[in-house]
There are 2 protein chains.
Amino acid sequence: MTVPLYQAKAEFFRTLGHPARIRILELLSERDHAVHELLSEIAVEPSSLSQQLAILRRAGLVAQRRVAGEVVYSVIVPEVRDLLRDARAILRGVLDGQAQLKRDLKPPGRAKR
Amino acid sequence: MTVPLYQAKAEFFRTLGHPARIRILELLSERDHAVHELLSEIAVEPSSLSQQLAILRRAGLVAQRRVAGEVVYSVIVPEVRDLLRDARAILRGVLDGQAQLKRDLKPPGRAKR
DNA sequence: CGCAGACTTGATTACTTCTGCATGTGCGAA
DNA sequence: TTCGCACATGCAGAAGTAATCAAGTCTGCG
């Protein structure tokens, strides 16, 4: 093994560890987007967006292609959608858990559904 | 929402963005482990391991309990296993894709292996 | 009580990553 | 060819993160 598997995994997760990159992947999971479309959704400077896209490209997660003067990005690895879904589930679980902890420590609680 | 959802997600992924923390979660997904057991598997200093465990604890992913003089850790959110599985699948896809790219055209970049 | 073993926490220092600005590149229009 | 738009890249300062060592806490045992 050139690189231990768990190190590659850690690197991969770090690639996802940025709000803009998460947003990009979520948007691209829905459908392909041109850079200026992403730009209007994400509230970040153009150069910053471009850098985040470059990072995702280098990580092999997205691809770019030029279409009529625009650059369109798409997700290469479809499983990304599953991953984001799992992450959502875990996040929900964690947040619920924290809320419950808070209730245990403090009497005033609210409905949990 | 106090914090935008995608920011919470990014934070969560950053929590996973460290080899030792990945190893810890993988080991704990199999079964609960005492700290000294983790220590003998992971090749990291005790204090460093403790810090990584603290990060996972703060993230709400693992819990500790004291048993007969040892501290035993366990995974709180079971979906973590799914996430790690998906990550493995994506990683495989990405690595395959990169290998194929390399065959198609030699990209200017870092020499790998 | 006082000590030892098992962890944890704090502080320091060395890196790595992010941000915004300035500059560079590629493509289509004129 | 030259201009202009749509992106991409380089860079410097600021901010965040990790490894290490020293010191602290907690438990159970003599």
Side-chain angles (χ1 to χ4, degrees), chain A residues 3-4 6-25 27-28 32-75, chain B residues 3-4 6-25 27-28 32-74 105 107-110:
Chain A
V3 171
Y6 47 87
Q7 188 169 333
K9 257 183 244 175
E11 231 168 276
F12 167 69
F13 281 123
R14 253 185 299 137
T15 301
L16 302 185
H18 188 291
R21 297 198 286 269
I22 293 289
R23 290 286 283 140
I24 292 169
L25 287 178
L27 291 169
L28 293 186
D32 295 0
H33 282 71
V35 173
H36 66 88
E37 292 179 309
L38 294 173
L39 202 48
S40 69
E41 296 273 354
I42 297 186
V44 70
E45 294 230 352
S47 74
S48 188
L49 177 62
S50 211
Q51 290 190 46
Q52 307 313 328
L53 286 169
I55 291 173
L56 293 175
R57 244 186 293 130
R58 261 176 258 133
L61 296 177
V62 306
Q64 65 182 168
R65 64 181 189 280
R66 194 169 269 271
V67 179
E70 298 177 340
V71 177
V72 175
Y73 277 83
S74 48
V75 174
Chain B
V3 172
Y6 47 86
Q7 187 169 334
K9 256 182 245 175
E11 231 167 276
F12 167 69
F13 282 122
R14 253 187 310 165
T15 301
L16 302 185
H18 188 291
R21 296 198 286 270
I22 293 288
R23 291 284 282 137
I24 292 170
L25 287 178
L27 290 169
L28 293 186
D32 296 358
H33 282 72
V35 173
H36 70 268
E37 292 179 310
L38 294 173
L39 202 47
S40 70
E41 295 274 355
I42 297 186
V44 70
E45 293 227 355
S47 72
S48 189
L49 177 62
S50 211
Q51 291 189 46
Q52 306 313 329
L53 286 169
I55 290 173
L56 293 175
R57 245 186 294 131
R58 261 176 257 132
L61 296 177
V62 306
Q64 64 182 168
R65 64 181 189 282
R66 193 170 269 271
V67 178
E70 299 176 342
V71 177
V72 175
Y73 277 84
S74 48
L105 52 104
R110 62 247 162 114

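Just so it is clear: chains get the letters A, B, ... in the order the sequence lines come, proteins before strands, and each one is counted from 1.
Between A/E37 and A/S40, the shortest heavy-atom distance links the atoms O-OG, 2.8 Å. Nearest heavy-atom pair across A/L27 and A/H33 is O-CE1, 3.0 Å. Shown here for B/T15 and B/A59, the closest heavy-atom pair between the two residues is CG2-CB, 3.8 Å. B/A20 approaches B/I42 most closely through the heavy-atom pair O-CD1, 4.2 Å.
A sub-4.0 Å separation between OP1 or OP2 of C/dC7 and a side-chain N or O of B/Q64 is absent. For D/dA8, the OP1/OP2 oxygens have a side-chain nitrogen or oxygen of A/Y73 closer than 4.0 Å.
Spacing between atom CG of B/L56 and atom P of D/dT17 amounts to 14 Å, rounded to whole angstrom units. Per the geometry, CZ belonging to A/R58 stands 11 Å off P belonging to C/dT17, to the nearest Å. When rounded to the nearest whole Å, the span between CZ of A/R14 and P of C/dC15 equals 16 Å.
In the helix from C/dC1-D/dG30 to C/dA30-D/dT1, the rotation axis of the first five pairs and that of the last five pairs differ in direction by 10°, rounded to 10 degrees.
Partners of A/A10 by side-chain contact (heavy atoms from CB on, under 4.5 Å), not counting sequence neighbours, listed by chain and number: B/P19, B/I22.
Remark: A/E70 CD to A/H36 NE2 distance equals 3.0 Å, nearest 0.5 Å. Residue A/Q64 holds its CD atom at 9.5 Å from OG of A/S74, rounded to the nearest 0.5 Å.
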Donor-acceptor pairs under 3.5 Å, side chain of residues 47-57 of chain B to any protein atom, not counting sequence neighbours: which ones?
| unit_1 | atom_1 | unit_2 | atom_2 | d |
| --- | --- | --- | --- | --- |
| B/Q52 | OE1 | B/R21 | NH1 | 2.6 |
| B/R57 | NE | B/Y73 | OH | 3.2 |
| B/R57 | NH2 | B/Y73 | OH | 3.3 |

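Residues A/L28 and A/L38 meet the side-chain proximity criterion, which asks for heavy atoms closer than 4.5 Å. Counting heavy atoms from C-beta outward, A/L25 and A/V62 have side chains that approach closer than 4.5 Å.
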Pairs under 3.5 Å (N/O, protein and nucleotides 19-21 of chain D):
| unit_1 | atom_1 | unit_2 | atom_2 | d |
| --- | --- | --- | --- | --- |
| D/dA19 | OP2 | B/H18 | NE2 | 3.3 |
| D/dT20 | O4 | B/Q51 | NE2 | 2.7 |
| D/dC21 | N4 | B/S47 | OG | 2.8 |

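Of the residues in residues 34-41 of chain A, those with a non-hydrogen atom less than 4.0 angstrom from any atom of DNA chain D are A/V35, A/H36.
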Q. What string of B, S and - do you get for nucleotides 25-30 of chain D, 5' to 3', when a contact is any protein heavy atom under 4.0 Å?
A. --S---
